[in-house]
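Within every chain, numbering begins at 1; the chains are lettered A, B, ... in the order of the sequence lines, protein sequences first and strands thereafter. Keep in mind that the numbers below use all heavy atoms, side chains included, and drop hydrogens, waters and symmetry copies. This structure is a prediction, so every number in the text was calculated from the model and none was measured.
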Protein chains: 2
Amino acid sequence: MRVPKKERQTELQHTIEQNPFITDEALATHFNVSIQTIRLDRMEMKIPELRERIKHVATERLDDVRTLTENEVIGDMIDLKLDTSAISILEILPEHAFSRNAIARGHILFAQANSLAIALIDDELALTTKANVQFTRSVHVGERVVAKAFVSSHRQDGRSDINVESFVGDECVFIGEFTVYRSSKEESK
Amino acid sequence: MRVPKKERQTELQHTIEQNPFITDEALATHFNVSIQTIRLDRMEMKIPELRERIKHVATERLDDVRTLTENEVIGDMIDLKLDTSAISILEILPEHAFSRNAIARGHILFAQANSLAIALIDDELALTTKANVQFTRSVHVGERVVAKAFVSSHRQDGRSDINVESFVGDECVFIGEFTVYRSSKEESK
DNA sequence: ACTACCATTATTACCTGGTACTAATAGTAG
DNA sequence: CTACTATTAGTACCAGGTAATAATGGTAGT
């Protein structure tokens, strides 16, 4: 026995996860066992065949693109009191940042704050009409940005003013004042 | 002849682009021709076989996610005079908008303008420090937003002021004033 | 030492979705 | 009537498998 079965199987899983494009034949020579052994292993581990794996990667792609851009709130909402206050968290990933220096693009922080402000307004149609923002510290990949939004005023003209402050730890990285238009002008529900 | 060859081929290309996961057999029944005809068509149009198409989509996955979010300029830059002015165009797609009303999210317009402002500055490291924006008209899916940015001042403290105005046709939909920090403080190169 | 059991390997038939090639048929234009 | 094009048919072959059945080898229990 070259390597215990169990060990080979866990390693097999690892190998395939890292490179789903590998054939059973390649795996067989890699582990120095027969193709049949690899197939028995895949059966036991419920790992699908090469083509299925490739197809899976391909179909995942479309979903992925959507979740990134079509997301209603950029970041994860962790608290929401409608028409009052809300909090969301966004972890800065490499795709949110400039590749040169790993600093988050300004519009990512803006997007988090803007989405939060819109979500905060309990209305069918809420649209940002004005924003005034400051980027007080650069944010790097890997940092978690906590955005806190609260409504400062519900005006009579169908607009609301919302303040958003975003933090990394206890450091303020972003300050924004958003004016949001509400479709229905009454404040109550 | 059900449909002229040429017409079928262009339609074939279209069909496969929209659904790369379709087999020759399915295409054959769809176009009401034989499998061989489909294969001849694919040969002529240099369209690869199903598995190759799937593999292509799968390998493109990583790259593609990048192009959407990591894109240096959101939208297509069509004119750039460094440190002076720049223009980009962005077509509003469904994923840029609220699904309920097909109105573009504010941060999409902000992202276009912000990216353009950053790209305009001829510097290794340019970061937005402040922005003041107004959304003067809602933009709908299918509209093409033309953003025009120009530098209004290069300040001595390493900051530049950039004005961005975005239009759909001749209607102004967005106005923004961005303050951008430059890493190297000299204006010349 | 014998048996039971497990892991491994081998073999065979079959599947999908093709490539590559050759040949036959149908329809149309000159 | 012929030439040409489009289409269809058929065959051999391929990769990368599934499914099932059988043979081999080693190790543990008693």
Side-chain angles (χ1 to χ4, degrees), chain A residues 1-68 70, chain B residues 1-68 93-95:
Chain A
M1 227 176 278
R2 284 121 254 202
V3 161
K5 186 184 174 185
K6 227 177 166 182
E7 197 178 316
R8 185 190 58 229
Q9 289 193 340
T10 53
E11 223 184 306
L12 180 80
Q13 186 146 38
H14 229 209
T15 309
I16 291 180
E17 264 169 33
Q18 285 197 311
N19 174 18
F21 299 77
I22 194 168
T23 62
D24 286 357
E25 200 178 359
L27 287 164
T29 52
H30 177 252
F31 286 104
N32 195 27
V33 293
S34 70
I35 283 192
Q36 284 77 0
T37 303
I38 294 295
R39 291 186 176 158
L40 284 172
D41 284 349
R42 275 202 299 103
M43 294 273 159
E44 288 181 30
M45 321 278 296
K46 310 249 184 189
I47 298 170
E49 66 169 279
L50 173 66
R51 290 145 183 165
E52 291 305 313
R53 294 195 302 264
I54 294 181
K55 203 183 290 184
H56 189 252
V57 172
T59 51
E60 243 189 5
R61 187 185 83 106
L62 300 166
D63 305 349
D64 254 33
V65 174
R66 271 163 207 279
T67 55
L68 261 167
E70 209 178 75
Chain B
M1 227 178 280
R2 284 121 255 202
V3 161
K5 186 183 174 185
K6 225 177 167 181
E7 196 178 316
R8 184 189 60 230
Q9 288 193 341
T10 53
E11 223 184 305
L12 180 80
Q13 186 146 40
H14 230 208
T15 309
I16 291 179
E17 263 169 35
Q18 284 196 310
N19 174 18
F21 298 77
I22 193 168
T23 61
D24 286 357
E25 201 179 359
L27 287 164
T29 53
H30 178 251
F31 286 104
N32 195 27
V33 293
S34 69
I35 284 193
Q36 285 77 359
T37 302
I38 295 294
R39 292 188 175 155
L40 284 172
D41 284 348
R42 275 203 299 99
M43 294 274 160
E44 287 180 31
M45 321 278 297
K46 311 250 183 188
I47 299 171
E49 66 169 282
L50 172 66
R51 289 146 183 164
E52 290 307 311
R53 295 196 302 264
I54 293 181
K55 204 183 290 180
H56 189 252
V57 172
T59 52
E60 241 189 7
R61 191 176 85 106
L62 300 166
D63 309 347
D64 233 42
V65 173
R66 274 160 206 277
T67 56
L68 253 169
L93 303 176
E95 60 260 36

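- For the pair A:D41/A:F31, no side-chain contact is recorded, criterion being any heavy-atom separation below 4.5 Å from C-beta on.
- The CE-C1' distance, from B:M43 to C:dC21, rounds to 10 Å in whole Å.
- Checking B:I35 against A:E49, the closest nucleotide of DNA chain D that is more toward the 5' end is the one next to B:I35.
- In this structure, the side chains of A:K55 and A:E52 come closer than 4.5 Å at one or more pairs of heavy atoms.
- Heavy atoms of A:R53 sit nowhere under 4.0 angstrom from any nucleic acid atom.
- Taking only side-chain nitrogens and oxygens, A:R39 never comes nearer than 4.0 Å to OP1 or OP2 of C:dT8.
- In this structure the side chain of B:R8 never reaches within 4.5 angstrom of the side chain of B:E11, judged on heavy atoms.
- Computed from coordinates, the B:K6 NZ to D:dT7 P distance equals 14 Å when rounded to whole Å.
- Among the protein residues, A:L40 comes within range of the nucleic acid bases, having at least one heavy atom under 4.0 Å from a base atom.
- Look at CZ on B:R42: it is 16 Å from P on D:dT7, rounded to the nearest Å.
- Regarding contacts with the backbone of D:dT7, every side-chain N or O of B:T37 stays at 4.0 angstrom or more from both OP1 and OP2.
- With C:dT8, C:dG18, D:dG17 as the candidates, the nucleotide lying closest to the side chain of A:K5 is C:dT8.
- Across C:dA10, D:dT8, D:dG17, the shortest atom-to-atom separation from the side chain of A:S34 is found for C:dA10.
- Residues B:I54 and A:R51 fail the side-chain proximity criterion, which asks for heavy atoms closer than 4.5 Å.
- Atom-to-atom, CD1 of B:I47 to C1' of C:dT19 comes out at 16 Å; the value is rounded to the nearest Å.
- Following rounding to the nearest Å, A:M45 (CE) and C:dA7 (P) show an atom-to-atom distance of 14 Å.
- The CD1 atom of B:I38 sits 15 Å away from the P atom of D:dA6 (whole-angstrom rounding).
- Scanning atom types as modelled, no donor and acceptor separated by under 3.5 angstrom connect the side chain of B:R51 and the base of C:dG18.
- The neighbour count for A:E44 CD, taken as heavy atoms of other residues, nucleotides or ligands under 6.0 Å away, is above 12.
- For B:L50, the listed nucleotide lying nearest its side chain is C:dG17; candidates were C:dG17, D:dT8, D:dG16.
- When rounded to the nearest whole Å, the span between CD of B:E44 and P of D:dT5 equals 12 Å.
- Using a 4.0 Å heavy-atom distance criterion, A:Q36 is classed as a base contact.
- Distance, B:E52 CD to D:dA15 C1': 11 Å, rounded to whole Å.
- Across the interface with DNA chain C, nearest-nucleotide mapping of B:D24 and A:R8 shows A:R8 to be the residue nearer the 5′ end.
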